[in-house]
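All of these numbers come straight from a predicted model, not from anything done at the bench. Just follow the structure's listing: the first ligand is 1, and inside any ligand the first atom is 1.
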Amino acid sequence: MKILKFGGKSLAYDGGFDKAINIILEKVHQQEKFAVVVSAIGNATDELEEILEKAKKNEVYQVQLENFKKYQQRNSAADLNPEFELLEKLFEGVALLGDYSKKIKDNVLAQGEVISGKVVTQALKEKGINANFSDTRQLIKTDAKFGNAQPVDVISRKNVQNHFATNNGTTVNIVTGFIASSTDGETTTLGRNGSNFTASLLANYLDAEELQSFTHVDGIFTANPDLVPDAKKIDQLSFEEANEIATFGATILHAKTIIPLIEKKIPLRILNTFNHTHNGTLINAENSRKGIKSLSVLENVTLVNLEGRGLLGKPGIDARIFRVLAQNNISVSIISQGSSERGIGFIVNAVDAQKAKAAIEAEFELDFYTNDVSSVYLTENVSVISIIGQELATFNKPYDALIRNQIVPILFNNTVTGKNVSLVVERVQLKKALNVIHSEIFGITKKINLVIFGHGTVGKTLINQLLESRENIIQRKGIELNIVAIANSRQFIFNAKGVSKQWESELQTSIQKSSIETILSAVKEQHLGNLIAIDTTASKDFVSNYVELIKNGFDLVSANKIANTKEYSFYKNLRENLHFYQKNYLYETNVGAGLPLIDTIRLLHHSGENITRIRGVFSGTLSYLFNTFSATDKNFSDVLNEAIEKGFTEPDPREDLNGNDVGRKLLILARELDLSNEFSEIKIQNLIPENLREGSVEEFLNRLEELNPIYQNTKNNQNENHVLRYVGDLSGDLSVENGANLEVSLVSVPQESSLGQLKGSDSIFEIYTESYGEHPIVIQGAGAGAAVTARGVFGDILRLAEKSK
Ligand SMILES: NC(=O)C1=CN([C@@H]2O[C@H](COP(=O)(O)OP(=O)(O)OC[C@H]3O[C@@H](n4cnc5c(N)ncnc54)[C@H](OP(=O)(O)O)[C@@H]3O)[C@@H](O)[C@H]2O)C=CC1
Ligand SMILES: N[C@@H](CC=O)C(=O)O
């Protein structure tokens, strides 16, 4: 036969009750043999406890009691008067005395179970089922430890077996959970969640083939789905694993439930009343695949710390602590003691924390006088995360992931057997920590959360590239690039699940004001980890937010060159923060758009190769401008307008023409070589005549034709077969501080030369090194444009994402 057990939520009248009855009917029709253990209906146990407390405090409890009675009776024809009358008498007595014993409490709570058994039995009888109400107080005998009684197996087994021998055949026994009676006939209870215990005792006594526990969830999950949206249901667990999970805080499993099942190897299936065809989680004697099983949480706990220099080597300190805690009935979950024995920390339930502190202070009163103990203090608002099945050999992975996301556990410990690691974290960090660990150990795909600042020429292209490639990257790389926010200088949109393809219209109508504070608080509220901030603005101000972003757990990717070209003290401070917070900053597109330039230079430099000179056409805009202008009869202004239309120029094209953009690129490369030059040290030939430098972009664009005669003249005055090129040159002694010359100028070069042969918007970078001698390493290709730049930013994002995998 099978034992079925229905929990309180499965029997509540807001949907569960009828479903539970239908499950029982279905099984009867399928001629299955089974008994049903029921919990109290809905929140009956909690409500009875509340009423009891009110009665004790002589508060008005009658209204709540009437509501309780009405709810429990609902439209059932079951005679519940004996239970209701007994409850009334008990509460009156408690109100009179102003107190109650554990024995009274057991008697009160027992009525909830009896009511449930009677109501379910009646409902089945009305459906024509031969149902029999069985009160476990007649069957399960216990010691007299009210509130948490222990069964006396020999007597209970015999009683249960006799009862089922006489009430068998077509009878469906509806059995009360949680309650029993002492050997001298007093009502007892088996402790909180004792209904599961009743069911597993019955399964053991009757040699049941399976225990099916109907709950309100689909089974046991890799983590609590309320805290970890990506949690997955576990199909099968061994008894040992289930035992570990139960011990470390899973709410639907209880350690003592498993023991009677292990003894007889009876499988336990956790099922969902509301989705009962789902296969649930099967717990049996079979070993499941090795590895990490789940994350459990103890939420409301406190860390108690005892410190003192006199503790070193002194025997009996721990014994005194735990004896005094035991005397106060305080249970300890995690204990940590350093080898120096200068202190000990342990976790207790938050409700016991003050009591624990006071008890220890009293115990060590004399040791305070002798200064052997210096303090006993509490670290409140902490939670414990246990990684069930975690071996220390691979613990570095979740631990690194936590550190990467700026969650530093307060303490951690492991069990020698059982392969579990428990971490104590601040409660405010619990959700984020759980999600980070879960994603690290269970995530088939790693979710990387992106916040994009700027959605202009480059940003918009990047966003669309990311959205289009999302599925493909998940398939190929197991990385989910999730854009959670897009911001401009005025407003932003935020969606923790990822912005939609309609992001542009949503952003236009968004009323969320853009500021670093509002965006960071949206990210924090959702406890997001694996964060990358992407700067595709050209803003001089925005870069001042970089350090704040780093402090808040973001890696950085930037197309914006400003942060790398501000004063050297800013540059250095940024890197110090990156180092301190262990964050990364990639900016490959700062020089040469999508070309792999910075990476190559960094590799050469870090490998000890002496770079002696970097020269070339660094600007895609100016390359296009002078390549096209030199090779055609087009006006200078027309070609410039083409470059603007093609998305090569800076938002303000004067930044290209005045040489600042090329100057910045040159400075970025110099700083990659560990030179601390400042922007002001670059010799830059400004291509804009002085009378056109001031004013708005629009005014400048309206006067572009004024440039035509100047550059036509320059073009005409060249030697034969020469062309114009705007060249950046980093030369001098690059191995010493202050040894570098940084120069940007318009030059006329032979058409046949490497620079002279440049076409379209190609940039060219000639990297001269000691080993390569006169023959530079040449990197050449599109040096500007939305698509190539966005692709370069995309590459940086992927590189960071892979780093955190
Ligand atoms: N074009 C190219 O080929 C390359 C460009 N780059 C770099 O890419 C960057 C972007 O260029 P591009 O796309 O042409 O620029 P755009 O002017 O087209 O776009 C800039 C975006 O940034 C937003 N923005 C400005 N200030 C802020 C702020 N404080 N906070 C949030 N958003 C802000 C703007 O919104 P708003 O409307 O609010 O101003 C706009 O959406 C530049 O730094 C450029 O140097 C790098 C390599 C190549
Ligand atoms: N305006 C810049 C864009 C890339 O940095 C250029 O033309 O090179």
Shortest reach to atom 28 (C) of ligand 1 by a heavy atom, considering only Ser489, Gly785, Ala487: Ser489
Part of Thr621 with heavy atoms under 4.0 Å of ligand 2, whether side chain, backbone, both or neither: both
Separation of Asn530 CG from Leu481 CG (nearest 0.5 Å): 11.0 Å
Atom 23 (C) of ligand 1 - nearest protein heavy atom and its distance: Gly454 CA, 3.6 Å
Residue and atom name of the nearest protein heavy atom (relative to atom 5 (O) of ligand 2), distance in Å to one decimal: Lys561 NZ, 2.9 Å
Heavy atom of the protein closest to atom 2 (C) of ligand 2 (residue, atom name, distance): Glu650 OE2, 3.2 Å
Residue Ser539 vicinity, atoms of ligand 1 by number, heavy atom under 4.0 Å: 26 (N), 29 (N)
Among Ile516, Asn488, Ile534, the one residue meeting side chain to side chain contact (heavy atoms under 4.5 Å, CB included) with Phe453: Ile516
Lys665 and ligand 2 - part of the residue with a heavy-atom distance under 4.0 Å: side chain
For Arg490, the ligand 1 atoms whose distance to one of its heavy atoms is below 4.0 Å: 36 (P), 37 (O), 38 (O)
Nearest heavy-atom neighbours spanning Ser630 and Arg725: OG-NH1, 3.9 Å
4.0 Å heavy-atom contact, Gly783 with ligand 2: yes
Closest protein heavy atom (residue, atom, distance) for atom 19 (O) of ligand 1: Gly456 CA, 3.3 Å
Closest to atom 11 (O) of ligand 1 (judged by heavy-atom distance), picking from Asp656, Val458, Thr789: Val458
Atom 24 (N) of ligand 1: nearest protein contact (heavy atom, Å): Thr537 CG2, 3.6 Å
Element-labelled atoms of ligand 1 that are located less than 4.0 Å from some non-hydrogen atom of Ala559: 6 (N), 7 (C), 8 (O), 43 (O), 46 (C)
Sub-4.0 Å atoms of ligand 1 with respect to non-hydrogen atoms of Ala784: 3 (O)
Per-atom contacts of ligand 1 with Ala538, taking only distances under 4.0 Å to non-hydrogen atoms: 42 (C), 43 (O)
Check: Asp656 N/O within less than 3.5 Å of ligand 2 N/O: yes
Asp541 near ligand 1 by a heavy-atom separation under 4.0 Å: no
Shortest non-hydrogen contact from Asn590 toward Ser558: ND2-O, 3.3 Å
Which residue and heavy atom of the protein sit nearest atom 18 (O) of ligand 1, plus the separation: Thr457 N, 2.9 Å
Ligand 1-proximal atoms of Glu650, by part, heavy-atom distance under 4.0 Å: side chain
Gly647: numbered ligand 1 atoms lying under 4.0 Å from its heavy atoms: 1 (N), 2 (C), 3 (O)
Non-hydrogen atoms of Val617 and Phe765 that approach each other most closely: O-CZ, 4.5 Å
Heavy-atom closest pair, residues Gly695 and Arg654: O-NH1, 2.8 Å
Atom pair CG (Leu734) and CG (Leu673), whose distance is rounded to the nearest 0.5 Å: 6.0 Å
Ligand 2 N/O within reach of Phe648 N/O, cut-off under 3.5 Å: yes
Side-chain donor/acceptor of Glu699 to backbone N/O of Ser696, under 3.5 Å: yes
Heavy-atom pair with the smallest gap, counting every atom of Tyr546 and Ala563: CE2-CB, 3.3 Å
Identity and separation of the nearest protein heavy atom to atom 20 (C) of ligand 1: Thr536 O, 3.8 Å
Under 4.0 Å to a heavy atom of Pro651 - the qualifying atoms of ligand 1, by number: 15 (O), 16 (P), 17 (O)
Ring centroid separation Tyr587 to Tyr585 under 6.0 Å: yes
Which segment of Asp661 sits under 4.0 Å of ligand 2 when only heavy atoms are counted: side chain
Mode of Ala784 contact toward ligand 2 - side chain, backbone, both, neither (heavy atoms, under 4.0 Å): side chain
Ligand 1 contact by Gly620, heavy-atom criterion under 4.0 angstrom: no
Minimum heavy-atom distance Arg671-Tyr571, with the two atoms named: CB-OH, 3.3 Å
Asn708 side chain vs Ser637 backbone, donor-acceptor pair below 3.5 Å: yes
Winner among Asp652, Val788, Ile516, Asn488 once heavy atoms are compared against atom 32 (N) of ligand 1: Asn488
Heteroatom proximity flag, Thr589 to ligand 1, N/O under 3.5 Å: no
